[in-house]
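Quick note on labels: first sequence line is chain A, next is B, and so on, each numbered from 1.
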Amino acid sequence: MQDYLKGLNEPQREAVTHINGPLMIVAGAGSGKTKVLTTRIAHLLASGVDAFNILALTFTNKAAAEMKERIEKILGNSEARNLYIGTFHSVFARILRGEAHRIGYPNSFTIYDTDDSRSVIKTVVNELNLDDKHYKPNVVGSRISSAKNALIGPAEYATTHYIQQEDMRANRPAIAQIYAAYASRCFKNGAMDFDDLLLKMYELLNTFPEVLHKYQHKFKYIMIDEYQDTNTVQYQITKLLAAVHENICVVGDDAQSIYSFRGATIENILQFQKDYDDVKVVKLEQNYRSSQNIISVANEVIRNNKGQIPKNLWTENEHGEKIKLVRTMTDNDEGRFVADTIQEQKLRNHYHNSDFAILYRTNAQSRAFEESLRRMGIAYRIYGGTSFYQRKEVKDVLAYLRVIANTRDEEALKRIINYPVRGIGKTTIEKCVIIANEQNMTMFDVLQQAGTAGFKGSTLESLQNFVTMIRYFQSLLAEKNAYDVAVQVGKHTNIIKELFNDKTTEGLARYENVQELLNSIKEWTESPGNEDGEVGDKSLGAYLQQITLLTDADENKEDSDVVKLMTIHAAKGLEFGCVFVGGVEESIFPSGMSINTREELEEERRLFYVAVTRAKQRLWLSYANSRYRFGQLVQNDPSRFIEEMPDQYIDRSYAGGGARNHAGSEWGSGIERMQRGFGNTAASAEKRYGPPPAKKPSVQKRPEYMPPPPQSKVVTHQPSADFVASDTSQLQAGQRVEHQKFGFGKIASIEGSAHNPVATIQFEHNGEKKIMLNYAKLRIVE
DNA sequence: ACCTCTTACGTTTTT
DNA sequence: CGTAAGAGGT
C-alpha cells in the first residue's frame with residue numbers, strides 16, 4: 001500500500017481511492033477534509049492521472065494555497081505546479097483572460113470590486129434620471145448580484161413575474177432598467193464584477209461548443225471544496241465541465257452552509273445524488289479536532305435544524321473542559337474579559353497568542369476586543385477590515401495601471417483624469433461622458449479626438465497631454481514589466497513627489513502606502529508563479545486581475561504570534577486551540593435581519609455550529625447585558641442558541657447563575673477600578689502605544705498590533721501547580737505572596753483607598769511593582 | 001478648486 | 001458612535 005494511504009481511517013481511504021465516477025464526500029467539521037482532498041489528488045497522480053487534467057475549486061485563495069502546499073509535501077516534487085487549483089473566481093478569471101475576446105471583452109479586462117461596481121451603479125442611476133436616494137447603490141447592487149448568481153440576465157429579470165412583483169412591492173420598479181444599463185456599461189468599460197467572472201464563464205461555455213469541449217477534456221477530474229456553498233452559476237458551470245467524464249468529486253457539509261446571502265443554495269449538495277447516476281457517497285464522521293464536549297454541544301444545537309443529510313459526528317478525543325458561558329455588563333466588559341482570560345490562559349496553560357481566536361458575527365464587534373487587547377499589550381491581528389488595496393491613494397495608482405491595461409475602464413479613467421490636478425475640470429469631464437454616451441464611444445476615444453469633439457485652448461492641450469502620457473505608459477508595456485511601468489507612473493505623474501512633500505501624518509502614511517504598493521508589485525513580478533501556480537504571465541493585466549481577487553485573509557503570514565480576530569464567516573475552515581465567540585445575543589447572533597424565516601434562522605444556527613466547531617480544546621461564549629449600537633445603548637437577551645445547549649456541557653459560573661446581574665456588575669466594576677487605578681484609559685493607552693490602527697493606517701496592510709517590548713525584562717515565572725488566588729482583603733505589609741507572572745515577593749506597603757488598595761511588592765526576580773489587589777491574582781504564601 | 005464643517009446614514013456575513 | 005458624502009466658506 002502506498003505510504004500516503006497510511007494514517008487514513010476507513011471512510012477517508014474509501015474516498016481517496018475512488019477515482020472514476022461521481023463522488024460526494026460529506027465531511028463533518030474537523031473530519032480531515034483537506035487531508036482527504038489533498039491525498040486524493042496525490043492518489044490520482046500516483047494512479048497515472050496527468051496533473052494538467054485536474055481541476056480543484058475552492059472558495060478562498062487561502063484554502064487553495066493550503067491544498068497546493070500540502071500536495072507538494074506529499075508528492076515531494078514540483079508536479080503540483082501543473083494542477084489547476086484556485087478559487088472559482090480566480091480560476092475563471094484566468095480562463096477568461098484567454099478567452100474574453102470571444103465575448104467582446106479585452107483579454108486584459110478589468111475586474112471591478114464591490115466599490116467599483118457600486119460606483120458604476122450610481123453613475124447609471126443618475127444617467128437614467130432616477131433618484132439615487134431611493135435607488136441606493138447597495139440595495140440595487142445586491143438585487144443585481146442575486147440575479148446574476150441565479151443566471152437571470154437583464155431581459156429575463158424584466159420579464160420574470162415574481163421578481164417584478166418584489167421590485168414593485170419595494171417601490172423600485174426601475175431596477176430592471178438599471179440592471180440592463182449597468183450590464184452594458186460594465187461591458188462598455190471592458191470590466192467584469194465578481195459575479196460576472198462566474199456568469200461570463202458560464203456564457204462562454206454555453207455559447208461556444210469548442211470552448212466547452214476544450215475544457216471538458218482538459219479537466220478530466222474535477223474537485224469542488226465547500227460544495228454546500230456553491231450557487232446556481234457555479235453549479236451549472238461545474239455540471240457543464242463534468243458532463244463528459246463525470247469524474248466530479250464534491251466535498252461539503254450541509255451543516256456548514258453559511259453563504260446563502262451570496263446566492264449559495266444548499267440544494268446543490270442535497271440534490272447531488274440526483275444529478276448523476278451511481279454517485280458514490282462517503283461520510284466522514286470522525287472528528288479529530290475538538291473535545292467531546294464541544295462536539296456534543298455542536299451536535300445538539302444543529303439537531304434543531306430540519307432537512308439535513310443524516311450524520312453523526314463523533315470523536316475519540318477527551319471530554320475536555322466544559323463550554324464556558326460568560327455574561328458581562330457591557331460590550332467593553334466583554335472585551336476586557338476576553339483579553340484578561342487570554343492573559344490568564346497563557347500563564348496557566350502555556351498557550352501562545354496564536355492559539356486564540358476571537359470570533360464574532362459582525363465586523364463592527366471587533367472594536368471592543370481590539371481596545372482591550374491593546375490595553376493588555378497582547379499582540380493581535382484583525383482579519384477582514386478595509387483591505388490595503390481599497391485605500392484611496394493605492395486605488396489612485398492602481399487606477400492609472402488599470403487605464404493603461406484597459407482604456408475602456410471609465411471608472412478608473414474618471415478617477416485619474418484630473419489627479420494630480422492638470423486643469424481638466426468637472427465640466428470638461430461631464431462633457432466627455434456625454435459625448436461618449438451620445439456617440440457610443442468610450443471616454444478615452446473622446447479624449448483621443450478631443451479636437452474634433454470641440455474642445456479648445458488650454459483644455460484641449462491638457463486633454464491631449466493626458467492622452468500622450470497614457471500612450472507613453474502603454475508603450476512601456478512592450479518591454480517593461482508591471483513594476484517598471486508602475487514606477488514610471490509614480491514618477492511621471494508626480495504622484496510620488498506630491499505625496500512625499502506632504503509632511504502631515506496622513507500624508508506620510510499615504511506615501512508609505514504607495515511605496516508599499518510598489519514593493520508588492522515588485523515582489524509579485526519577481527516571484528516565480530502567481531497565485532494559480534501559473535508560470536510566465538507577468539503582464540500588467542494579470543497583476544491587476546489577481547490583485548482584485550485577493551483578500552487580506554489570504555496572505556499567509558503565519559510567522560507572528562498573534563491573537564486572531566475575525567468574523568465567523570472568515571473563520572470557516574480554520575481551527576484554534578481556544579475560541580471566544582462574542583456577542584452571543586439575540587439580534588446579533590442570530591442577526592436581527594435573519595430571524596424572519598425558518599431558512600434564515602437555520603443558516604444562523606449553522607453559523608453557530610461553525611463557530612463552535614472551530615475550537616479544539618477550549619470555548620467561551622460571551623454575551624453582554626447591554627452594548628452600544630448606532631451610538632445607542634441597547635439591551636439584548638442571550639441568544640436562543642444558548643438555550644439549545646444541554647446543561648451538562650456548560651459551565652455557567654461566569655454567567656452569574658441565579659444572581660446574574662450581580663455577578664456581571666461586579667466583574668464590570670472591578671475592571672473599571674483597575675483602570676482608574678492605572679490611569680489606563682483609552683487616551684493614556686494611545687500615549688503609550690500610539691493611536692489605534694483603525695484610525696491611523698500606516699504601512700501595515702491590515703490592522704496588526706504588536707505590543708511594545710517590556711521596559712524591564714520580566715523574569716518569567718511558572719506558577720506553582722497548586723496556584724490558587726487568595727483573598728487579599730486582609731493583606732498586610734511584610735507578608736510573602738506569589739504572583740502568576742512576577743513570582744514570589746514580599747509586600748512592602750499597602751496604599752490606595754479602601755475599595756482600591758494598591759500593594760507595593762518587592763519581587764525576588766522582578767524588582768518592585770505596584771499591584772492592584774482588586775485585580776491581580778495573588779497567592780498568600782505566609 | 002480645495003478645505004472644513006455639518007448632516008445623514010448605517011451593521012450582517014464575502015469572492 | 002463612526003464614517004461618508006454634501007454644503008458652505010475662503
Side-chain angles (χ1 to χ4, degrees), chain A residues 57-64 86-93 111-115 117-119 122 132-133 136-139 141-142 145 148-149 192-199 226 229-231 233-234 257-264 331-332 359-368 371 383-387 389-390 392 418-427 504 531 545-554 566-573 583 587-596 600 603-604 606-608 610-611 627-634 682 692 694-695:
Chain A
L57 295 169
T58 65
F59 274 80
T60 63
N61 293 314
K62 193 174 184 180
T87 65
F88 280 91
H89 290 84
S90 72
V91 166
F92 295 166
I111 297 175
Y112 280 167
D113 66 16
T114 311
D115 287 343
S117 150
R118 295 298 181 263
S119 156
K122 210 173 163 187
D132 62 357
K133 284 280 182 305
K136 291 181 197 144
N138 273 326
V139 175
S142 70
S145 175
K148 285 184 174 179
N149 285 321
M192 298 191 198
D193 63 19
F194 288 143
D195 303 319
D196 285 333
L197 293 175
L198 309 176
L199 192 62
E226 310 280 13
D229 286 327
T230 51
N231 60 33
V233 207
Q234 290 164 329
S257 164
I258 54 173
Y259 280 102
S260 74
F261 69 93
R262 210 167 72 190
D331 44 354
N332 289 325
L359 309 181
Y360 33 77
R361 179 67 236 273
T362 66
N363 281 306
Q365 288 167 255
S366 68
R367 176 163 276 110
E371 278 173 16
Y383 289 80
T386 314
S387 129
Y389 298 101
Q390 285 169 1
K392 187 192 170 294
N418 199 32
Y419 171 80
V421 191
R422 54 173 69 86
I424 303 177
K426 217 176 170 185
T427 10
T504 61
E531 34 93 28
Q545 285 175 2
Q546 68 99 36
I547 229 60
T548 318
L549 296 173
L550 215 63
T551 18
D552 55 354
D554 292 327
M566 64 186 91
T567 64
I568 298 160
H569 281 87
K572 194 166 74 152
S587 88
I588 291 181
F589 197 9
S591 158
M593 317 290 287
S594 309
I595 47 174
N596 300 313
E600 285 173 347
E603 177 147 324
E604 293 289 309
R606 290 192 293 268
L607 194 55
F608 187 78
V610 169
R627 68 172 65 233
Y628 279 97
R629 227 185 163 189
F630 314 114
Q632 227 148 26
L633 203 62
V634 293
K695 275 187 179 170

Query raised in the report: Which atom names give the shortest non-hydrogen contact between Pro137(A) and Lys122(A), and what distance separates them?
Result: CG-CG, 4.1 Å
Requested in this report: Between Gly631(A) and Arg262(A), name the one whose nearest nucleotide on DNA chain B is closer to the 5' end.
Outcome: Gly631(A)
**Report entry** Distance, rounded to the nearest Å, where Ile258(A) contributes CD1 and dT13(B) contributes P
**Finding:** 12 Å
Report task. Name the nucleic acid region contacted by Tyr259(A), choosing base, sugar-phosphate or nothing; use a 4.0 angstrom heavy-atom cut-off, strictly under. Result -> sugar-phosphate
Query raised in the report: Between atom CG in Asn61(A) and atom P in dT14(B), what is the gap in whole Å?
Result: 15 Å
Report summary line: Of the listed dT15(B), dT11(B), dT13(B), the closest approach to the Arg361(A) side chain comes from dT13(B)
Report task. Taking atom OH of Tyr628(A) as the centre, report whether more than 12 heavy atoms of other residues, nucleotides or ligands fall under 6.0 Å from it. Result -> no
Requested in this report: Output yes when at least one side-chain N/O atom of Asn363(A) is less than 4.0 Å from OP1 or OP2 of dT12(B), else no.
Outcome: no
Query raised in the report: What's the NZ-P distance between Lys392(A) and dC2(B), to the nearest Å?
Result: 11 Å
Requested in this report: Output, in order, the C-alpha distance, side-chain angles, deciding distance and verdict of side-chain contact (heavy atoms from CB on, under 4.5 Å) for Glu604(A) and Ser591(A).
Outcome: CA-CA 7 Å; Glu604(A) 293 289 309; Ser591(A) 158; 4.0 Å; yes
Requested in this report: Using a 4.0 Å heavy-atom cut-off across all strands, classify Tyr628(A) as base, sugar-phosphate, or nothing.
Outcome: nothing
Report summary line: Taking dG10(B), dT11(B), dT15(B) as options, the one with an atom nearest any side-chain atom of Thr114(A) is dT15(B)
Query - Residue Arg367(A), side-chain heavy atoms: nucleotide from dT13(B), dG6(C), dT3(C) that is nearest - result: dT3(C)
Report summary line: The answer to which of Thr567(A) and Gly423(A) contacts DNA chain B further toward the 5' end, by nearest nucleotide, is Gly423(A)
**Report entry** Length of the line joining Glu603(A):CD and dT12(B):C1', which is rounded to integer Å
**Finding:** 11 Å
Query raised in the report: Would you say Lys136(A) reaches dG10(B)'s phosphate, i.e. side-chain N/O to OP1/OP2 under 4.0 Å?
Result: yes
Report summary line: Closest to the side chain of Phe194(A), out of dT13(B), dG2(C), dT15(B), is dT15(B)
Query raised in the report: The side chain of Asn418(A) lies closest to which of these nucleotides: dT15(B), dA1(B), dT11(B)?
Result: dA1(B)
Query raised in the report: So which heavy atom on Arg262(A) is nearest to which on Asn231(A), and how close?
Result: O-ND2, 3.6 Å
Query raised in the report: Going by ring centres under 5.5 Å and near-parallel planes (under 30°), is Phe261(A) stacked on dT13(B)?
Result: yes
Query - Distance-minimising heavy-atom pair for Met566(A) and Ala571(A) - result: SD-CA, 3.6 Å
Requested in this report: Give one of base, sugar-phosphate or nothing for Gly592(A), where a contact means two heavy atoms less than 4.0 Å apart.
Outcome: nothing
Query - Integer-rounded Å distance: dT13(B) P and Phe59(A) CZ - result: 19 Å
**Report entry** Whole angstrom value for the distance that separates P of dG2(C) from CG of Asp331(A)
**Finding:** 12 Å
Query raised in the report: What are the two closest heavy atoms between Glu603(A) and Ser260(A), and how far apart are they?
Result: OE1-OG, 2.8 Å
Report summary line: Asp195(A) CG to dT14(B) C1', in whole Å, measures 11 Å
Report task. Round to a whole Å and report the spacing from CG of Asp115(A) to C1' of dT14(B). Result -> 13 Å
